[in-house]
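Quick note on labels: first sequence line is chain A, next is B, and so on, each numbered from 1.
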2 protein chains.
Amino acid sequence: MTDINLKGTGSVRPAEQPTRSGEPLWDIIELLFYAYRDFVGDADDVLKEFGFGRAHHRVIHFVHRYPGLKVADLLDVLRITKQSLGRVLKQLIDEGYIVQRAGESDKRQRLLFATPKGEALVAKLAGLQTDRITAALKGLDPAGADTVRRFLRAMIDHDDPDKVLQIVLGGARSGPRDTTR
Amino acid sequence: MTDINLKGTGSVRPAEQPTRSGEPLWDIIELLFYAYRDFVGDADDVLKEFGFGRAHHRVIHFVHRYPGLKVADLLDVLRITKQSLGRVLKQLIDEGYIVQRAGESDKRQRLLFATPKGEALVAKLAGLQTDRITAALKGLDPAGADTVRRFLRAMIDHDDPDKVLQIVLGGARSGPRDTTR
DNA sequence: AAATTATGTCAACATGACTGACATAAATTT
DNA sequence: AAATTTATGTCAGTCATGTTGACATAATTT
């Protein structure tokens, strides 16, 4: 019971570690934890006033950014089940943040669009997050923002069929719907 | 939720402009979303095999990294209630990943330590995440890793009383409790 | 006509948050 | 010494958001 090992970082090495070379990057792991916690925390406070949670934020964000998104696309992005999405999406539609429209070529599809009300909410949330990012980039050298973008891109799995992710990774720097594919 | 009230207090940069100007940095916002999703996704798969979730990961990670952590410290780090922590912590203790020991000077305190079993799990999870980070850093110029660290640090609220965060931000680059070196 | 696809919905359940109330032992203050 | 505060644990109920499985409907494709 009292096996304590106060200093233990290196002693545990299972024999069958295949391609593990470097020491754990503890500091970056923890910086990512804290940075993301505070990054989403900005939005949480505002969302609470609206009676929404993070799930609503993710939905309205991507719908706003990629107008005409299909429900199926959204499921790929968020990696949740349609039942889970359904509840949140229904609330956003009922309260007038999102509207649906049947697809023209395929009338089964429900294309999603943010209303002005929805856009205002997204803008408010994105503004907070942008302020934080801008402040963080300010302390870096001129190439810093580019380095950060490159790092984040490389952290993402590229073998994902998600259409929105392909646009994000595709290189569009500030606009959605870059049809270069 | 443990609201920390960081709205009015000084931002990361003293005497600089009060932000609120630039266009939303959509791409970085979305890159952060995807990067963090995949970053924690690595661990999720392993955790599932152990019958654990992300909550367990966060607890065992910080206990391993900061041996002798008090329950109260952990609550500050994770920003959850003691009831919430209690359930997860109890499982980790019952299954032999963490042990408790009463504090010497203050016997009310339950100091937490990872067992070898707990250390092995943390090492496995940190290995996966480190592999991803290492791969992402590989494509950057030599100063890239430093830029990334600086960016992440600046993304974090600095007016947090969390003792662990103070250590993380304090500058220890690769080990916990470096004060004894 | 039959099969497939896109979406929606009902029902039950799991996890990990939450609030509020109360219990205990140890430390601190009066 | 007694009273209070602190660190922790626990019971009970609720909420948000995820899950699986089954089934329904309309539109498209075969």
Compare the minimum distances between each of [options] and the side chain of [X], then state the nucleotide with the smallest one.
{"X": "B:Arg87", "options": "C:dG16, D:dT19, D:dA27", "answer": "C:dG16"}
{"X": "A:Arg110", "options": "C:dA27, D:dT19, C:dG8", "answer": "C:dG8"}
{"X": "B:Lys70", "options": "C:dG8, D:dT17, D:dT8", "answer": "D:dT8"}

Quick one: is [N] close enough that its OP1 or OP2 comes under 4.0 Å of any side-chain N or O from [X]?
{"X": "B:Gln100", "N": "D:dT8", "answer": "no"}
{"X": "B:Arg54", "N": "D:dT17", "answer": "no"}
{"X": "A:Thr81", "N": "D:dT19", "answer": "yes"}

Rounding to an integer number of Å, can you tell me how far [X] [atom1] sits from [N] [atom2]?
{"X": "A:Leu47", "N": "C:dA17", "atom1": "CG", "atom2": "P", "result": "18 Å"}
{"X": "A:Asp44", "N": "D:dA16", "atom1": "CG", "atom2": "P", "result": "14 Å"}
{"X": "B:Lys90", "N": "D:dT10", "atom1": "NZ", "atom2": "P", "result": "7 Å"}
{"X": "A:Lys107", "N": "D:dT25", "atom1": "NZ", "atom2": "C1'", "result": "16 Å"}
{"X": "A:Asp106", "N": "D:dA27", "atom1": "CG", "atom2": "P", "result": "10 Å"}
{"X": "B:Arg101", "N": "D:dA7", "atom1": "CZ", "atom2": "C1'", "result": "17 Å"}
{"X": "B:Gln91", "N": "C:dG16", "atom1": "CD", "atom2": "C1'", "result": "10 Å"}
{"X": "B:Leu92", "N": "D:dG9", "atom1": "CG", "atom2": "P", "result": "13 Å"}

Which comes earlier along DNA chain D counting from the 5' end, the contact point of B:Gln109 or that of A:Arg58, where each point is its nearest nucleotide?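 Of the two residues, B:Gln109 wins.
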
Are A:Arg149 and B:Leu25 packed together at the side-chain level, in the sense that at least one heavy-atom pair is separated by less than 4.5 angstrom?
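A:Arg149 vs B:Leu25: side chains touch.
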
ask   = Would you call A:Phe33 and B:Val77 a side-chain contact if the rule is heavy atoms closer than 4.5 Å?
value =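 Result yes, sub-4.5 Å side-chain heavy-atom pair found.
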
- Query: Can you list the steps and then say if A:Phe52 with A:Tyr97 is a ring pair (Phe, Tyr, Trp, His ring centres under 6.0 Å)?
  - Reply: CA-CA 12 Å; A:Phe52 292 145; A:Tyr97 292 85; 5.2 Å; yes

**Prompt:** Which of these, B:Thr115, B:Val122, B:Leu121, sits in a side-chain contact (heavy atoms from CB on, under 4.5 Å) with B:His64?
**Reply:**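 It is B:Val122, the one option of B:Thr115, B:Val122, B:Leu121 that forms the side-chain contact (heavy atoms from CB on, under 4.5 Å) with B:His64.
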
Q.
On DNA chain C, does the nearest nucleotide to A:Gly86 precede the nearest nucleotide to B:Leu85 from the 5' side, or the other way round? Give the residue.
A.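 Taking each residue's closest nucleotide, the earlier one in sequence belongs to A:Gly86.
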
(message) Tell me whether the side-chain N or O atoms of A:Arg108 pair up with the base of C:dT7 as donor and acceptor below 3.5 Å, since no angle test is needed here.
(response) no

Taking the six-membered ring of B:Phe39 as reference, does the NZ or CZ atom of B:Arg132 fall below 6.0 Å from its centre and within a 45° cone about the axis?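 Here B:Arg132 fails the 6.0 Å and 45° test against B:Phe39.
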
